[in-house]
Amino acid sequence: MKRIFLAEDHAAFRKALAFMLEREPHYEVTAQAGTVAEARASDAAACDVAVIDLLLPDGDGTEVIRELRATNPDARILSLSVSRDPGRALDAGADEVLGKDASLSSVVATVRRLAEN
């Protein structure tokens, strides 16, 4: 079973993504957060794949990426960003970056690819 962590402040998008991921065989969304504080309080370190928004209401998603990378170096991290410059997220330790305009199916496909590598 692949454990997925979601840190995304847009609740409707996060819930839709969680629903889509839960439909995938052998995937379980084990923790969700809408803020940096919620991410820190969650069980994110136990995930196999994390999807992390860079713009969270109480801080920068790169903080979450760095902390997750420090506590779980084997986790695969997908960052979602409104910026077309993936450098910040990649420098923080993300494996991939998608634009916030990516479709749910694109995000799920990327999570699937990261989970299998």
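Bear in mind that the values here come from a model prediction, so they are computed numbers and not experimental data.
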- Task: State which residues pass salt bridge (charged side-chain N to carboxylate O under 4.0 Å, His left out) with Asp60; sequence neighbours excluded, sorted by chain then number.
- Result: Arg88

- Could you list the residues that satisfy salt bridge (charged side-chain N to carboxylate O under 4.0 Å, His left out) with Glu24, not counting sequence neighbours? Arg112

Sequence-distant partners of [X], side-chain contact (heavy atoms from CB on, under 4.5 Å), two or more places apart:
X	answer
Pro25	none
Asp48	Lys2, Arg3
Asn117	Arg76, Arg113
Leu104	Phe13, Ala16, Leu17, Met20

- Query: side chain to side chain donor-acceptor pair (under 3.5 Å) with Glu63: which residues, sequence neighbours excluded?
  - Reply: Arg40

- Message: Going by the rule side chain to side chain donor-acceptor pair (under 3.5 Å), which residues pair with Ser105 if we only count those two or more places apart in sequence or in a different chain?
- Response: Ser103

- Message: Starting from Leu90 and following side-chain heavy-atom contacts under 4.5 Å between hydrophobic residues (I, L, V, M, F, W, Y), which residues can be reached?
- Response: Val97

- Determine which pairs satisfy salt bridge (Lys or Arg N to Asp or Glu O under 4.0 Å) with at least one residue from residues 5-21, sequence neighbours left out, and list them in order. Glu8-Lys100

- Item | Heavy-atom check, side chain of Leu21 versus side chain of Leu6, under 4.5 Å | yes

- Task: Side-chain contact test, heavy atoms from C-beta onward, threshold under 4.5 Å: evaluate it for Val36 versus Asp58 and give yes or no.
- Result: yes

- Note on the structure: When rounded to the nearest 0.5 Å, the distance separating OG of Ser106 from CG of Asp101 is 9.5 Å

- Euclidean distance, Ser79 OG relative to Leu54 CG, rounded to 0.5 Å: 3.0 Å

Distance-only donor-acceptor pairs under 3.5 Å for side chains of residues 68-75, two or more places apart:
unit_1 : atom_1 : unit_2 : atom_2 : d
Arg69  : NE     : Gly93  : O      : 3.1
Arg69  : NH1    : Pro73  : O      : 3.0
Arg69  : NH1    : Ala75  : O      : 2.7
Arg69  : NH2    : Ala75  : O      : 3.4
Arg69  : NH2    : Gly93  : O      : 2.6
Arg69  : NH2    : Asp95  : OD2    : 3.2
Thr71  : OG1    : Glu67  : O      : 3.1
Thr71  : OG1    : Leu68  : O      : 3.3
Asn72  : OD1    : Asp74  : N      : 3.3
Asn72  : OD1    : Ala75  : N      : 3.2
Asn72  : ND2    : Ala45  : O      : 2.8
Asn72  : ND2    : Cys47  : O      : 2.7

- Heavy-atom closest contact (Ala102 atom, Val107 atom, distance): CB-CG2, 4.2 Å

